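We name chains A, B, ... by the order of the sequence lines, and we start the count at 1 in each one. Here the structure is a predicted model, which means the values were calculated and not measured.
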Amino acid sequence: MAAGPTVKKIMDTYQGKIRLVIKNYPYQYRDYSHIAAEASLAARDQGKYWEMHDLLLKRSPKLDRESLIGYAKELGLDTKKFAASIDGKKHAQEIERDKKLATDMDLYNTPTIFINGRKVVGERPFEYFKKIIDEELKNDKKY
Amino acid sequence: MKRSMLVMVFVLLAVSASAEEKRYQVPLGDSPTLGPPDAAVTLVEFLDFQ
């Protein structure tokens, strides 16, 4: 799971002051978690990571192979290259690296969010994040 | 002079006490990134699309 609309609102509200970094932590026992992560990175190879990221969050849990290829087509990607990438698990190593990082950090839930290193586990309302972000901005001399 | 030193120490103690919340170091690597690299706030999200 992900904090889709909340993160989107944060990025809109604090545009220019905040940077978002995504780590994949696909759950082992969900059918499409891994292939969806592969799809996001396959889209990245074609310069459309964020478009795919947003689309996956919007259409989740409809994330089977055929649906993913449909999304790639919708975004104007080269679907042949895209399909080869997800079928060949081209980004497995990168995904495993993120998973190892997550387990090394004892994370057990998605979404888990770090705001300048401060941990927020699970879904929280926008106001919860806003309070932390405003504190961080206040502590930063630039603003 | 001595007095101002004492005040300084007190202020430093107060600041460190209020900032004791743990901060984790998350290596960013070459993960997908949106927004300015020198932004004051970095938000790292571990997610599962499903």
Side-chain angles (χ1 to χ4, degrees), chain A residues 1-4 7 10-11 14-27 30-37 39-41 44 49-50 53 56-57 59-61 63 94 97-98 101-102 105 107 109-119 129 132-133 136-137 139-143, chain B:
Chain A
M1 298 207 285
V7 167
I10 291 168
M11 294 310 289
Y14 295 97
Q15 210 171 14
K17 297 178 185 177
I18 194 160
R19 166 172 66 151
L20 172 63
V21 180
I22 301 293
K23 300 283 184 188
N24 285 293
Y25 192 19
Y27 185 53
R30 282 188 203 120
D31 290 340
Y32 305 125
S33 293
H34 278 84
I35 197 172
S40 71
L41 297 174
R44 185 192 198 188
Y49 176 80
W50 293 101
H53 164 275
L56 294 174
L57 293 180
R59 305 285 168 81
S60 179
L63 301 168
E94 187 175 344
R97 193 192 59 201
D98 282 1
L101 175 63
M105 293 180 78
L107 307 187
N109 201 352
T110 54
T112 294
I113 288 176
F114 293 90
I115 301 167
N116 283 357
R118 295 165 68 176
K119 183 157 82 168
F129 291 100
I132 298 174
I133 295 166
E136 292 303 311
L137 288 174
N139 291 338
D140 190 277
K141 288 189 184 72
K142 278 189 290 185
Y143 296 97
Chain B
M1 189 68 182
K2 224 173 188 177
R3 194 190 157 93
S4 66
M5 282 286 277
L6 209 69
V7 169
M8 278 275 283
V9 167
F10 182 78
V11 166
L12 280 172
L13 281 174
V15 166
S16 64
S18 66
E20 67 186 340
E21 185 180 353
K22 180 162 184 181
R23 282 180 195 266
Y24 294 81
Q25 290 285 340
V26 190
L28 302 182
D30 57 356
S31 295
T33 298
L34 185 69
D38 63 343
V41 177
T42 296
L43 194 153
V44 182
E45 181 182 14
F46 285 80
L47 63 71
D48 181 344
F49 287 106
Q50 187 172 359

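Across A:V7, A:L56, A:D31, the residue that shares the most heavy-atom pairs under 4.5 angstrom with chain B is A:L56. Residue with the most contacts toward chain B among A:L101, A:I133, A:I132: A:L101 (heavy-atom pairs, distance under 4.5 Å). Note: A:S60 leads A:A39, A:S60, A:P61 in heavy-atom pairs under 4.5 Å with chain B. Ranked by heavy-atom pairs under 4.5 Å with chain A, the list B:V26, B:V41, B:D30 is led by B:V41.
Only the side chain of A:L107 has a heavy atom closer than 4.5 Å to any heavy atom of chain B. For chain B, the nearby part of A:I10 is the side chain; its heavy atoms alone come within less than 4.5 Å. For B:Q25, the part lying under 4.5 angstrom from a heavy atom of chain A is the backbone only. Within the 4.5 angstrom heavy-atom criterion, only side-chain atoms of A:L41, from C-beta onward, approach chain B. Heavy atoms of A:I115 lying under 4.5 Å from chain B belong to its backbone as well as its side chain. Both the backbone and the side chain of A:A3 come within contact range of chain B, with heavy atoms under 4.5 Å apart. Interface remark: A:R97 contributes side-chain atoms only to the contact with chain B (heavy atom separation under 4.5 Å).
Every residue two or more places apart in sequence or in another chain that forms a side-chain contact (heavy atoms from CB on, under 4.5 Å) with A:R30 is listed here: A:Y27, A:S33, A:T110, B:D48, B:Q50. Contacts of A:H53 classified as ring pair (Phe, Tyr, Trp, His ring centres under 6.0 Å), with partners at least two apart in sequence or in another chain: A:Y49, A:W50, B:F49.
At a threshold of 4.5 Å between non-hydrogen side-chain atoms, the residues A:N116 and B:T42 count as touching. Taking the side chain as every heavy atom from C-beta outward, A:M105 and A:K119 never approach each other to under 4.5 Å. Using a 4.5 Å heavy-atom threshold, the side chains of A:L20 and B:T33 count as separate. The closest side-chain heavy-atom distance from B:R23 to A:R118 is below 4.5 Å. In this structure, the side chains of A:I22 and A:S40 stay at 4.5 Å or more apart for every pair of heavy atoms.
How far CG of A:L63 is from CD1 of A:I35: 9.0 Å, rounded to the nearest 0.5 Å.
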